[in-house]
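Below, read A as the first sequence line, B as the second, and so on, with proteins coming before strands; counting in each chain starts at 1. Just so we're clear, the structure is a prediction, and the values are computed from it rather than from any experiment.
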Amino acid sequence: MTPLQIIFLIVAAITLGGALMVVTTRNLVHAALWLVLSLFGIAIIFVLLDAGFFAVAQVVIYIGAIAILMIFAIMLTRRVAKDSGPQINATWPIAGIVTLALFGGLFTVLQNWQQIHVLPPSFPEGYDPLQQLGVELVSPNGYLIPFEVASILLLAALIGAIVIAWSKTK
Amino acid sequence: MLNDWLYIGLILIIAPIFPIMALIIPRILAPHKPSSLKSETYECGVKTVGETWVQFKVQYYNFALIFLIFDVEIVFLFPWAIAYHQLPLFAVIEGILFILILVAGLIYAWRKGFLEWF
Amino acid sequence: MSDPVNLIANWLKTVLINWGVSPTWITVILSAIGVVVLASVVLVLDIFLVWVERKVVARFQDRLGPNRLGPFGLFQPIADVIKLLLKEDITPDKADKFLYNLSPVIALATVIMLWAVVPLAPTIFGSDINVGVLYIIAVGSISTLGILIAGWASNNKFALVGAFRTVAQMVSYEVPMVISILIPVILSRSMGINTIVHSQTVWYIVLAPVAAIIFLISSQAELGRAPFDISEAESEIVAGFHIEYTGMKFGLFYAGELLHALTLGGFFATFFLGGWRGWGVETYPILGIFYFFVKAFFMYWVIMWIKYSFPRVRIDQMLNLNWKFLTPLALAALIITALLDKLFQNASYSVYVLVMFLSNVILLYIAYLVVGSYARAERKRVADPEKIRVNFPIKSSGSTIEPRSTSEGAHV
């Protein structure tokens, strides 16, 4: 096994383990922090895929903003941080069957995919993928419309949050 | 390029070792005599009453929310800033339009009193 | 002997090749040695910073500072470290043990990780990733999360409130900081910090002074230093999020804060003062380290100067300053820099420099006028209190007290 594969296996185990702990731990703040670990694992997987910009963007946005927002939301709304219900739902057999079916389906699709062993081609000399991303984001033949729509989406999110959660008399 | 990230990965693993060593040394050298009086919660000499949870103001959430919106906006702007010399003037105007849409959001939040800290 | 660091690295590489180690392992071993050397140098510098901080604050306050241990008190930090190592480790009851111990480690480790991307000389740097600028912000945001963990894990109401206020402050001031870092990225067309330093034939503090000033103010707030030290307002909330931390854990927070101040001073020097640039650096790369640290320590001194000269700002004033002044100013600077850079990119370089500098000066003047008019309006509002009618009759054993007539007014 190449070292890259070993590192990938370790990081994937961390990510999945963190995700499992998010849903099984009883303390809500602990769940948020396990989620942070999981997201950090995803950032490392981005690095392994040679996408450094997305790795740091993942850490900046997800861990630096969204995780903090989630922890604030937990502390603002919860009187008791512990979940006290039963751990396992009454409908767990159906959930188990659906999960296994989904896993089986994904497994067969990936098994039959012929190109799973193809390595990504390396970039030609002097090609900077990050600059190309910048050019594509604002070129009219590229992703200009999604770029501007993204800003309108952010504006809508902000105005929506203000309208729903805030009134001036508060 | 992966060599640079290898350095970052190594420093991610090695950098916490120094503070952890600094935490283990007192465990060996320092006295360890816990008593119930020493491990009481500190509240300027008064006994604490009730749980640690207190009612928080919603303003904390407001500021985190606005920070999230602006953070995502700025991360979008980074690739635009890098590809600058290859772009025509039109692309610069588009980027400025992107910024101005979110400035409109900031002004809306300002006028609605979202940024006040009561 | 112009570049001893790389000489030693190459010698080690030849030694390892002669031992028959495979090339991937050679890179890993050399990188690991580089990491350990960098972290050790940074931590030794951190201990030295304790002495610098105490001497400088003493001089600002017209006194001597530590001068008993060793020449000029130089061994004082060593005594401090030994004292902290021998203190008992008290964990408050019902505190979350793992998180309580994890958070000082996060606080110091994230600051050490910041030094991985700082170029100390043209050939001496940790790592030259092409997204260095965003990496700095990412690591800074992890340290913010560490503070939240510290406050929550202490099981103390005041620590939690202090942590929330600190995180709200740090998160708010990250916005103008990131926007002001975006301006050197535009000017140098790259996110890699090495490239930013290489493109500073004219220092960026001349091309973008507004960005430099905003970065300085935001750094002061990110560090939690006066005038923005709500988080550790000693006279108000005792110690903020690190109330329950004693001994070496507090020492790690304190050392992390000082090192963070030097690191942000170093980043100001890298982005705006030309990093390792100076005379003769091309022929003797080792001089780059000297120039870099001179500039970084100068900026650290400026940060201390601001800290020990200003009183504390209230939290609502601080957040108003950020969201209503710094963020619009930073966005305006970004728009102006972007426009002018594109319009003048074919002009001669001196015209370009002059145009950028003048536009920033004009923007600063407009900002000054806006702030001045706001300050005047605020002063007027506070000086003339409204006359308020006090309107309650007080009955006490038969006699009533009439309210005063409002012509004299009751000044509230």
Value rounded to 0.5 Å, distance of CG in Asp71(B) from CD1 in Ile68(A): 9.5 Å

Segment of Phe67(B) engaging chain A (4.5 angstrom heavy-atom cut-off): side chain

Show the atom names and distances, to 0.1 Å, of all donor-acceptor pairs under 3.5 Å that link a side chain in residues 139-163 of chain A to residues at least two apart or in another chain.
{"unit_1": "Ser139(A)", "atom_1": "OG", "unit_2": "Val135(A)", "atom_2": "O", "d": "3.3"}
{"unit_1": "Ser139(A)", "atom_1": "OG", "unit_2": "Glu136(A)", "atom_2": "O", "d": "3.4"}
{"unit_1": "Ser139(A)", "atom_1": "OG", "unit_2": "Gly142(A)", "atom_2": "N", "d": "3.4"}
{"unit_1": "Ser151(A)", "atom_1": "OG", "unit_2": "Glu148(A)", "atom_2": "O", "d": "3.0"}

Can you say whether Phe78(B) sits under 4.5 Å from chain A via the side chain, the backbone, both, or neither, judging by heavy atoms? side chain

Nearest-0.5 Å distance that lies between atom CG in Leu68(B) and atom CG in Leu69(A): 6.0 Å

Could you check whether atom CZ of Phe103(A) has more than 12 heavy atoms from other residues, nucleotides or ligands sitting under 6.0 Å from it? no

If we define contacts as heavy-atom pairs under 4.5 Å, which of Ile8(B), Leu97(B), Val92(B) has the most with chain A? Leu97(B)

Measuring only between side-chain heavy atoms, which start at C-beta, is Trp5(B) closer than 4.5 Å to Ile44(A)? no

Which portion of Tyr62(A) sits near chain B, non-hydrogen atoms under 4.5 angstrom: neither

d(Ile82(B) CD1, Phe53(A) CZ) to nearest 0.5 Å is 7.0 Å

Please look at Leu4(A) and chain B and tell me whether the side chain, the backbone, both or neither of the residue comes under 4.5 angstrom of a heavy atom of that chain. side chain

Are any of the side-chain heavy atoms of Leu137(A) and Phe98(B) separated by less than 4.5 Å? no

Using non-hydrogen atoms only, which part of Leu12(B) is less than 4.5 Å away from chain A: side chain, backbone, both, or neither? side chain

For Gln86(B), which atoms come within 4.5 Å of any heavy atom of chain A: side chain, backbone, both, or neither? side chain

Counting heavy-atom pairs closer than 4.5 Å to chain A, which one of Phe90(B), Trp80(B), Phe76(B) comes out on top? Phe76(B)

Heavy-atom contacts under 4.5 Å, residues 32-39 of chain A to chain B: none

Most chain B-contacting option - heavy-atom pairs closer than 4.5 Å, from Val60(A), Ile7(A), Asp128(A): Val60(A)

Within 6.0 angstrom of Leu110(A) CG, more than 12 heavy atoms from elsewhere: yes

